[in-house]
Each structure stands twice: as structure tokens, then as C-alpha cells.
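The sequence lines fix the lettering, A, B, ..., with proteins before strands; numbering per chain opens at 1.
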2 protein chains.
Amino acid sequence: MSKTTPLMLQLSSADPRPIVRQIGDGIRRAIASRELPVGAQLPSVRGLAQQLTVNPNTVAKAYSELAAEGWIDSRQGLGLFVAAPRQMLSDAERSRRLGIAIDTFAADVVGLGYPLSHVIDQVKAALKPVLNKRTA
Amino acid sequence: MSKTTPLMLQLSSADPRPIVRQIGDGIRRAIASRELPVGAQLPSVRGLAQQLTVNPNTVAKAYSELAAEGWIDSRQGLGLFVAAPRQMLSDAERSRRLGIAIDTFAADVVGLGYPLSHVIDQVKAALKPVLNKRTA
DNA sequence: GAAGTGTACTACGCGTGATAGTACAGAAAG
DNA sequence: CTTTCTGTACTATCACGCGTAGTACACTTC
């Protein structure tokens with residue numbers, strides 16, 4: 001019985017992102033930062049649902065998407081486990097998604113009045129723990 | 001009759017953002033980059049709707065949001081004009097929004113496998129034209 | 001068999017996105 | 001004043017996503 005990592009997740013109703021995405025993003029970040037190492041078992045669908053006071057279907061949906069993206073592997077009757085890193089997207093698709101992500105981010109930040117240097121520093125601090133970790 | 005700037009806008013169905021947001025983001029970027037200077041008249045609701053083959057209500061909604069955010073001023077029977085820069089959000093709200101924007105961006109990028117330096121370079125290139133321009 | 005896992009359905013309520021149509025108020029030009 | 005442009009405010013409809021709820025099934029372990 002591999003211990004299911006506790007997984008500190010926090011949902012916020014002030015966050016405009018839907019619950020499914022908050023859960024997915026949180027787990028994705030935890031995996032990318034190696035906080036959840038490869039092979040680690042994730043909390044059960046029903047368990048995490050109870051922990052977050054959320055419908056089990058919502059958690060299952062988030063897990064399902066993570067599995068489709070290759071972040072986790074599911075084993076019937078056993079549980080969900082952090083998958084080995086792999087690249088599933090074409091270069092064109094990766095480039096396209098990066099473009100949209102940056103464009104969206106720019107639109108979100110452009111009205112806040114922060115200087116470029118400040119934004120860059122914050123982005124660096126946020127990305128450092130989650131990039132260049134899964135290729136090691 | 002002040003010439004309504006042509007306003008090069010391109011909607012994409014491949015872009016996950018809804019149309020209203022694509023329009024709003026595009027105009028917001030054009031204003032922030034000074035491509036649309038203060039006082040410039042924007043295309044009419046019906047005109048832009050026809051240009052983009054979109055429902056006039058959709059354009060009106062986008063304009064309405066931009067006006068609420070202080071980007072543009074509307075004058076009944078005259079048209080819409082780029083407003084003078086002003087800050088409408090509290091420091092706490094600005095900081096909160098920056099945090100969410102960065103968190104969302106990180107989640108969008110974490111799976112693409114790009115090195116930190118590459119992402120930062122792209123972000124810098126995208127933000128340089130739109131930040132620190134309206135405070136001049 | 002029992003208890004735990006993931007998975008697959010259906011159904012309902014709710015909100016948003018987008019389209020369509022109509023209507024009204026202000027401004028400018030004839 | 002009439003026409004024509006502008007923005008604005010509705011209402012209605014359709015589609016889709018989000019979230020909850022309940023049920024059911026297949027698999028693994030004890």
C-alpha cells in the first residue's frame with residue numbers, strides 16, 4: 001500500500017477559474033515541481049472530493065483530463081499514479097499554445113499598471129519551480 | 001468627422017477565448033501599445049460587427065466592458081473614443097489579479113516543456129510594447 | 001464476499017456565450 | 001424637420017460548460 005501523498009490543495013471561490021481547472025492546475029503544478037514524484041499515488045477520487053467538499057464527479061473529471069494529458073496513469077481498482085514525463089504535443093501545437101497563453105496573460109496584466117520588470121520578476125519566481133524539472 | 005482608425009483585428013476559432021474577450025483583448029492591447037492614441041475614435045458597433053462577421057450585440061458587449069474598465073469613453077450618438085489613462089483598481093485588487101494571471105499562465109505553460117529562459121524571452125517580447133506606455 | 005479503487009452513465013439546475021430582432025435616445029447633415 | 005448615423009437597452013432563443021446528484025459497473029486487495 002503506497003502512501004497517498006496528502007496533497008495540499010486550496011480551492012478559492014474568488015478565483016475565476018472553474019473548480020475542475022483549479023484542481024487540475026494544482027496537481028499539475030505539484031507534479032511539475034516534483035512535489036509529487038513519479039510513481040506517487042494520488043488521493044482517491046472520493047477521498048479528494050470529500051477533502052475539498054466537492055462532488056466526486058468533479059474530481060474524476062479533473063483526473064480524467066490529467067490522464068488524457070499524460071500527467072498521471074490510472075490503474076483500475078488500484079488508484080492513480082504520477083506518470084513518467086513524456087511529450088505528447090507536436091512542436092507546432094506547443095508553439096501555438098504558448099502564443100495563446102502569452103497573449104491571454106498579456107491581456108490580463110496590461111491594465112494593472114505594473115512596470116515590465118516587476119511582472120517579469122514575478123513570472124520568473126512562479127515558473128522557476130515548475131520548469132526544467134521534468135526533463136532532468 | 002474624426003477618422004475611425006481601421007483597427008486590424010483577427011478573430012480565431014482555434015483560440016479558446018470567447019469572441020467577446022478576443023475583441024476586448026485586441027482593443028485593449030492596441031490602446032496600451034499606443035497603436036490607438038488617446039482620443040482616437042473606434043469603429044462603430046455595427047461597423048466592427050460587420051467587419052468581423054459577428055453579432056452587433058457581441059461587439060457592444062465588448063465595448064461596454066472596455067468602457068466599464070475605463071479604457072474607452074462613449075458619447076451618445078457620436079461614437080466611442082480612447083480614454084485618458086487612469087487607475088481604477090486598488091493595490092490589493094491589482095496584486096490579487098496579477099497573482100491569478102501568473103498562476104493561470106504557469107498552468108498553461110507548465111506542460112509545454114519549454115525552458116524557463118525561452119518562456120521569459122517570449123513574455124518580454126510580448127509585454128514590452130504594452131507596458132510602461134500609458135504612464136508616459 | 002466485502003471494501004476499496006477508477007469509470008461510465010443519466011439527469012437537473014445554473015450561468016455564460018452568441019445570435020437575432022426590436023426599440024429608443026442623442027448627434028450630425030441634408 | 002427628416003434622415004441617417006451613432007450608442008444603448010431590452011427580450012428571446014439556442015448551445016455549451018460547470019457543478020451536483022445518483023446509480024451502476026469493472027477491477028484489486030484482503
Side-chain angles (χ1 to χ4, degrees), chain A residues 1-5 7 9 11-27 39-83 104, chain B residues 1-5 7 9 11-27 39-83 104:
Chain A
M1 185 201 298
S2 39
K3 228 177 59 179
T4 61
T5 318
L7 185 53
L9 263 188
L11 302 185
S12 164
S13 54
D15 196 317
R17 288 174 292 181
I19 301 180
V20 182
R21 204 187 194 282
Q22 288 190 49
I23 297 175
D25 287 354
I27 297 178
Q41 183 172 14
L42 295 145
S44 74
V45 170
R46 295 168 181 81
L48 184 57
Q50 184 173 7
Q51 172 189 331
L52 301 176
T53 30
V54 158
N55 193 284
N57 287 335
T58 305
V59 176
K61 189 175 182 183
Y63 275 157
S64 169
E65 293 175 359
L66 289 174
E69 293 170 7
W71 290 94
I72 62 182
D73 288 327
S74 71
R75 284 154 69 185
Q76 270 280 38
L78 278 181
L80 297 141
F81 305 86
V82 176
T104 303
Chain B
M1 189 201 299
S2 40
K3 231 178 54 180
T4 61
T5 317
L7 185 53
L9 263 188
L11 302 185
S12 164
S13 55
D15 195 318
R17 288 174 293 178
I19 302 181
V20 183
R21 204 186 194 281
Q22 288 190 49
I23 296 175
D25 287 355
I27 297 178
Q41 182 171 15
L42 294 144
S44 75
V45 171
R46 294 169 181 81
L48 184 57
Q50 184 173 7
Q51 173 189 329
L52 302 176
T53 31
V54 158
N55 193 283
N57 288 334
T58 306
V59 177
K61 189 175 182 181
Y63 276 158
S64 167
E65 293 175 359
L66 290 174
E69 294 170 7
W71 291 93
I72 62 181
D73 288 326
S74 71
R75 284 153 70 186
Q76 270 278 37
L78 278 181
L80 297 140
F81 304 86
V82 177
T104 304

S.K.: Let me know the distance between CD1 of B:Ile19 and C1' of C:dA20, rounded to the nearest Å.
M.R.: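 Distance check: B:Ile19 CD1 to C:dA20 C1' gives 14 Å.
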
S.K.: Name the residue closer to the 5' end of DNA chain D, choosing between A:Glu65 and A:Gly77 according to the nucleotide with the nearest heavy atom.
M.R.: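 Nearer the 5' end of the strand: A:Glu65.
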
S.K.: Between B:Thr53 and B:Arg46, which is nearer to the 5' end of DNA chain C once each is assigned its nearest nucleotide?
M.R.: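 Nearest nucleotide further toward 5': that of B:Thr53.
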
S.K.: Taking all atoms of both residues into account, what is the closest heavy-atom pair of A:Ala83 and A:Gly70, and its distance?
M.R.: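 The pair with the smallest heavy-atom distance is CB-O, 3.6 Å.
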
S.K.: Give the nucleotide from the list D:dG19, C:dA18, D:dG7 with an atom nearest to the side chain of A:Thr58.
M.R.: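 So the side chain of A:Thr58 is nearest to D:dG19.
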
S.K.: If every non-hydrogen atom of B:Val45 is compared with every non-hydrogen atom of B:Tyr63, which pair is closest and at what distance?
M.R.: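 Residues B:Val45 and B:Tyr63, closest heavy atoms: CG2-CD1, 3.8 Å.
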
S.K.: Looking only at heavy atoms, which two atoms of B:Leu66 and B:Gly24 are closest? And how far apart?
M.R.: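 Where B:Leu66 meets B:Gly24 most closely, the heavy atoms are CD2-O, 3.8 Å.
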
S.K.: How close or far is atom P of D:dG7 from atom CG of B:Leu66, stated in whole angstroms?
M.R.: 13 Å

S.K.: To the nearest angstrom, how far is A:Arg75 atom CZ from D:dA26 atom C1'?
M.R.: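 One finds 16 Å between C1' of D:dA26 and CZ of A:Arg75, rounded.
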
S.K.: Starting at CZ of B:Phe81 and ending at C1' of D:dG7, how long is that distance when rounded to a whole Å?
M.R.: 11 Å

S.K.: It should be established whether B:Ser74 places a side-chain nitrogen or oxygen under 4.0 Å from OP1 or OP2 of nucleotide D:dT6.
M.R.: no

S.K.: Quick one: closest heavy-atom pair of B:Arg21 and A:Thr104, and the distance?
M.R.: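 For B:Arg21 versus A:Thr104, the nearest heavy atoms are NH1-CG2, 3.9 Å.
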
S.K.: How close or far is atom P of C:dA27 from atom CD of B:Gln76, stated in whole angstroms?
M.R.: 8 Å

S.K.: Phosphate oxygens OP1/OP2 of D:dG19: is one of them under 4.0 Å from a side-chain N or O of A:Lys61?
M.R.: no

S.K.: Relative to the 5' end of DNA chain D, which residue comes earlier, B:Asn57 or B:Leu78, by the nucleotide with the nearest heavy atom?
M.R.: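 Its nearest nucleotide being more 5', the pick is B:Leu78.
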
S.K.: Do any N or O atoms from the side chain of B:Gln51 and from the backbone of B:Leu9 form a donor-acceptor pair under 3.5 angstrom?
M.R.: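 Such a contact is absent between B:Gln51 side chain and B:Leu9 backbone.
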
S.K.: Would you mind reading off the distance between B:Tyr63 atom OH and D:dT6 atom C1', rounded to a whole angstrom?
M.R.: 12 Å

S.K.: Roughly, in whole Å, what's the span from CG in A:Leu48 to P in D:dT20?
M.R.: 12 Å

S.K.: Nearest to the side chain of A:Asn55 - D:dA21, D:dT8, D:dC27?
M.R.: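 That would be D:dA21.
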
S.K.: How many Å lie between CG on B:Leu42 and P on D:dC5, as a whole number?
M.R.: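 Distance check: B:Leu42 CG to D:dC5 P gives 19 Å.
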
S.K.: Considering only C:dA18, C:dT5, D:dG7, which nucleotide approaches the side chain of B:Pro18 most closely?
M.R.: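 Within the option list, the nearest is C:dA18.
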
S.K.: Out of C:dA18, D:dG7, C:dT7, which nucleotide sits closest to the side chain of B:Leu80?
M.R.: D:dG7

